Structures are given as structure tokens and as C-alpha cells.
Amino acid sequence: MQFKTIFGAGLMGLAFATSATTPLLAQNLRVLEGKASAPLNVPMNRAVVVESDVPFAELSIANPGIADISTLTDKSIYVLGKAPGRTTLTLLGADGKLISNVEVQVSPDVAEFKERLRQIIPGENIEVRTANDGIVLSGVVSSAAKLDRALDLAERYAPERVSNLMSVGGTQQVMLKIRFAEMQRSVSKNLSSSLAIAGGNTVGVNGETGTWLQGDNGISNSTITPRDNANSALGLGFTAGSLQFGVLLEALESKGVARTLAEPNLTALSGQEAKFLAGGEYPIPVVDSDGISIEYKPFGVEMNFTPVVVDGDLINLQINAAVSSIDTSITMQSGGFSVNAFKRRETSTTVEMRDGESFAIAGLLQDDFRDLNGQVPWLGDIPVLGTLFRSAEYQRAQSELVIIVTPHLVTPTRGEALALPTDRVRLPTEKELFLFGKVAGSKGAAGEVARQDYTSPYGYVME
């Protein structure tokens, strides 16, 4: 039993040693006398053995730079691929007659490349072929990222000789939804007072801390006359003998809230740029060598983005979005022209997210505060009575801006499945227009909007 075990182990070791020392040949080709020889495909840096049916006396290779040959016996030839290309192997007999011309084609070794491709990008339907001295990739991959990986790997085996015939499957169109939301709140308060004293033709005193009375001293027959543009003014006048007294108190408080909301949507193919503008163009005079010309500056809701579907539902977005409007509060005069300023909120960034996810790409909290206090020197410091010689102004402006983006992978659909805002609007009949005053038909969209309930909270709330 021990002898059998030792003998079996020895045979097994000999088999392993034989398999380890025997080279793996890429291909064996047999050349038969009197028959056409098949082409010989040799991988680059690999060897092929050619066997002849009859002994040969002489052999030659047309281009030794493509393939190298050496004889093993008088009937076998060792062919080594050196560089991609085609050449011809010629076999001559002892009598000098031609035995055969064998076409030798050396191509890149794609067996290892295919194996690495399956390891790095498993589960993808990628076909690999050789063409002349390069590699041809074809098939359908699931994402652009995997396509780039396959091309990068192919460049390692055939630099600058890779032909890409692959296509990307799945959804490759992205709809981007951007929401601009801005809330503005302003509060302004001011308190000012004026004092006037008059007596005969020789005495006249006006105390002013921001608000003048009407006329020289604001007193006429014991009556106070406030200025024409005074708001929330209280005037008091009385006489004491020949003296006339006048006091004017002006207090003003104003509050304002503004809400801005824009939701542009735009669809683009992966890797392609898309632009959107809903607004107009404002003419601006420009002085050049030929005189004065007009240039137009766009304003409104602008969006410019480039989506790239990276892998599956992962989307890379390059976004440039802006909301602008004409600011009539600021005006510049130049060359006889009056030009208004622009108010613009803009963001430019690159983000990455999955289908349906949202990202707040920009946000702004701004709080402007101003407190002014003016008084008549010394008199304004007098307790109680000094109020008549002081004025105070308080202003505060708060604003909050948020920009949120949400991408969606979309596919086209049939046209009848899409609804337009004008589909539900029906022109009124003459009876509905003249008798009932309806500007749309009984099933118009305007009526549906009017019936919607807006009593619940909506929008952004700023404390």
C-alpha cells in the first residue's frame, strides 16, 4: 500500500512538472501539399507552430519586423508575433518548388484584455475584436462611466488604436427642476418734532429736528400748518398773551413683504448643454468709435446646465442659474439716455446626485439694519422737553433666498399624453361674454384656478 501511494504521488508530480514546462501554444496550423493554406493568426508576443505535410528545405518571411520564424524540424516551424500587421510565410521543397504561401496576421493579444474586462466591468455586454493593428469595441453598456473605463483599459493594450462602437443603454435624458424662492421684509419707523414760537413782529423761533413747518414759523392765527408731504403728523398751536406757540409731532411706521418664486424646468441629453430664458432684453446705449450703438442685456429667469449620467441613476450637473429684473430705483444718466440698474440673483456650481434627489445649491440670509438719531445740540438733551428737539429713524430690511435643484431621468412619451395649460381654456360664446361677463368657457382653466383653496400656509416663512 505504501509503495502504491509513493508511486502515485510520483506520477502526479511528474504530470505537474510536465504541464509546467510545456509551453501553451496559441495555435497549430497544418500545411497540406496540394491544398490552399488557411491564414495563420498569431497574437502579438505569442508563438504558433506550423506543421508541413512534406519536408521543406527552405523557408522565408516577407517582413521579419512583424513575425519571427525558426525551424524546429524539417516539417515544423516556430512563428513568433512581434508587431501588429500582415506578412507572408513561404515554404520551398528540396527541389526548389513552392510548397505553400501562408498568410500570417499578427494582432494584439485580446485574450488577456477580455479577461481583464470581465473582471473590471462584470455583467456588461461588450464585444472585443481586432482590426488591422487595433482593437474594436462594440455592444451596449449600462452607463457612460463604464464605457469610459472600457476605453481606458483598451488604451493600455492598443494605445491610440482603439475604435469605439459601443453605445450607452438606459435613460440618458435629464429633466432639471430649479426652484428660486426669495422672501423680503422691510420695516421703517421714524419720529420727529418741531417747535415754533411767535410774538408780534419781533419774536420768532423755529425749532426743527427733521420736519419743517409750513411757512416762516408754521403759526397762523394760532393754527399749525404741517408741510405738504407730512405723514402721520400732529400739530398743536396755542397763544399766551401776545405769544403764539406751535408744536408739530410726526411719526411714521411702514411695513412691507415681497415674495418671489420661479420654477423653470429644462430637459437635455446626457453630456449636452441646454439653455432656458423666460424674460426679455433691455436696451443699453454703448459708446463706440462709430458713435452710440444699442446693446441688449437679457433679464428674467435664466438657466444653463449640462447633465452627465455617470452610472445608473447618478447624475452630474453643471448649473448656471439666475433670476434678474430691472431695478427702477437706480437710474444712470449718460449721453442723454436714462438707463436703469438690474437686480440679479445668480449661482454657478457643479453637483452630483441621484434621480429625484434635491439639493439646496445656494442660500442667502441678509439682515440690514440702520438706526439714525438727530437732535439740536444741548436742547435735545433736556429731559422730556428735549424730545421736541430730537428726531429718530429706524430701518430694517431682511431677505432670504434659497435655490433648490432636483434632477429626473426622463423618457419621451406620446404627444396625446401631455397636457398644455391652454388645453382646458375654451373661448366664451357671445351669450356667456355679453350676458354673464365670462371671459372663458364654463370649463375653462381660469375658473378652476379661482376655485382653488389658498387658505393653508404655503411658501417660505421668515421669523
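What you are looking at is a predicted structure, and each value in this text was computed from that prediction instead of being measured.
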- Please determine if R396 and D367 form a salt bridge, counting it only when a charged side-chain N lies under 4.0 Å from a carboxylate O. yes
- Message: Ignoring hydrogens, what is the shortest heavy-atom contact between P407 and V174? Give both atom names and the distance.
- Response: CB-CG1, 4.0 Å
- Item | Evaluation steps, side chain to side chain donor-acceptor pair (under 3.5 Å), between E127 and N125 | CA-CA 7 Å; E127 298 180 2; N125 184 22; 5.3 Å; no
- Task: Classify the side-chain pair E393/Q395 by whether it contains a donor and acceptor separated by less than 3.5 Å.
- Result: yes
- Message: Less than 3.5 Å apart, any donor N or O on the side chain of S138 or R129 sitting next to an acceptor on the other?
- Response: yes
- Counting N and O atoms only, with roles assigned by atom type, does the side chain of Q272 sit under 3.5 Å from a partner on the main chain of L269, one being a donor and the other an acceptor? no
- Item | N265 and its side-chain contact (heavy atoms from CB on, under 4.5 Å) partner, picked from K177, H408, R179, M303 | K177
- Task: Measure the OG1-CG distance between T347 and L364 for me, rounded to the nearest 0.5 Å.
- Result: 11.0 Å
- Message: Tell me whether T87 contacts the main-chain N or O of N63 through its side chain, where contact means a donor paired with an acceptor under 3.5 Å.
- Response: yes
- Below 4.5 Å, heavy atoms only, C-beta onward: do F359 and L317 meet side chain to side chain? no
- Correct closest heavy-atom pair for A274 and T267 would be CB-O, 4.4 Å
- Message: Quick check: closest heavy atoms across A154 and L137, and the distance to 0.1 Å?
- Response: CB-CD1, 4.0 Å
- Query: If you round to the nearest 0.5 Å, how far is CD1 of I126 from CG of L147?
  - Reply: 7.5 Å
- Note, I135 side chain near V128 side chain (heavy atom, < 4.5 Å): yes
- Task: Look at the side chain of S324 and the backbone N and O of G300, then say whether any donor-acceptor pair between them is shorter than 3.5 Å.
- Result: yes
- Between E182 and R259, is there a salt bridge with N-O shorter than 4.0 Å? no
- Query: Where do V140 and V168 land on the side chain to side chain contact (heavy atoms under 4.5 Å, CB included) test, with the steps shown first?
  - Reply: CA-CA 6 Å; V140 179; V168 180; over 6 Å; no
- Nearest-0.5 Å distance, CG of residue L80 to OG of residue S70: 8.5 Å
- Tell me, with the steps shown, if F342 and I326 meet side chain to side chain contact (heavy atoms under 4.5 Å, CB included). CA-CA 5 Å; F342 279 80; I326 300 175; 4.1 Å; yes
- Heavy-atom closest pair (M353 atom, V405 atom, distance to 0.1 Å) is CE-CG2, 3.8 Å
- Side-chain ion pair, R344 and E302, N-O less than 4.0 Å: yes
- Query: With side chains defined as the heavy atoms from C-beta onward, is the minimum distance between P84 and M44 less than 4.5 Å?
  - Reply: yes
- Message: I'd like to know whether I319 forms a side chain to side chain contact (heavy atoms under 4.5 Å, CB included) with L176, so could you lay out the CA-CA distance, the side-chain angles of the two residues, the decisive distance to 0.1 Å, and finally the verdict.
- Response: CA-CA 10 Å; I319 307 170; L176 181 64; 4.3 Å; yes
- Task: Using the side-chain hydrogen bond (donor to acceptor under 3.5 Å, both in side chains) rule, collect all pairs that involve residues 149-162, keeping only residues at least two apart or in two chains.
- Result: none
- Message: Less than 6.0 angstrom separating the ring centers of F276 and F305, yes or no?
- Response: no
- Query: For F436, is the NZ or CZ atom of K431 found under 6.0 angstrom from the centre of its six-membered ring and inside 45 degrees of the ring axis?
  - Reply: no
- Message: What I'd like to find out is whether the side chain of L153 reaches to under 4.5 Å of the side chain of F113, using heavy atoms alone.
- Response: yes
- Identify whether the distance between the nearest side-chain nitrogen and carboxylate oxygen of D313 and R354 falls below 4.0 Å. yes
- Note on the structure: When rounded to the nearest 0.5 Å, the distance separating CD1 of I121 from CZ of R116 is 13.5 Å
- Please test L89 against I69 for side chain to side chain contact (heavy atoms under 4.5 Å, CB included), starting from the C-alpha separation and ending with a verdict. CA-CA 9 Å; L89 173 64; I69 60 173; 3.9 Å; yes
- Query: Do the side chains of R86 and I66 get nearer than 4.5 Å, heavy atoms only?
  - Reply: no
- Message: Return the CG to CD1 distance between N340 and I284, rounded to the nearest 0.5 Å.
- Response: 10.0 Å
- Does a salt bridge link E124 with K146, judged by any charged N lying under 4.0 Å from a carboxylate O? yes
- Heavy-atom distance under 4.5 Å between the side chains of D68 and I61, does that happen here? no
- Message: A side-chain contact here means heavy atoms from C-beta on lying under 4.5 Å apart; do M166 and L151 qualify?
- Response: yes
- Note on the structure: Looking only at heavy atoms, the pair that brings V339 and P285 closest together is CG2-CD, 3.6 Å
- Query: Counting only N and O atoms by type, is there a donor-acceptor contact under 3.5 Å from the side chain of S270 to the main-chain atoms of V309?
  - Reply: yes
- Query: Under the side-chain contact (heavy atoms from CB on, under 4.5 Å) test, which residues partner E115, sequence neighbours left out?
  - Reply: R118, Q119
- Query: Would one find more than 12 heavy atoms of other residues, nucleotides or ligands at under 6.0 Å from atom OH of Y296?
  - Reply: no
- Closest heavy-atom pair and its distance - K82, G65: CB-O, 3.6 Å
- Message: Do P307 and Q172 make a side-chain contact, defined as non-hydrogen atoms from C-beta onward lying under 4.5 Å apart?
- Response: no
- Note on the structure: To the nearest 0.5 Å, atom CD of Q318 lies from atom CG of N316 at 6.5 Å
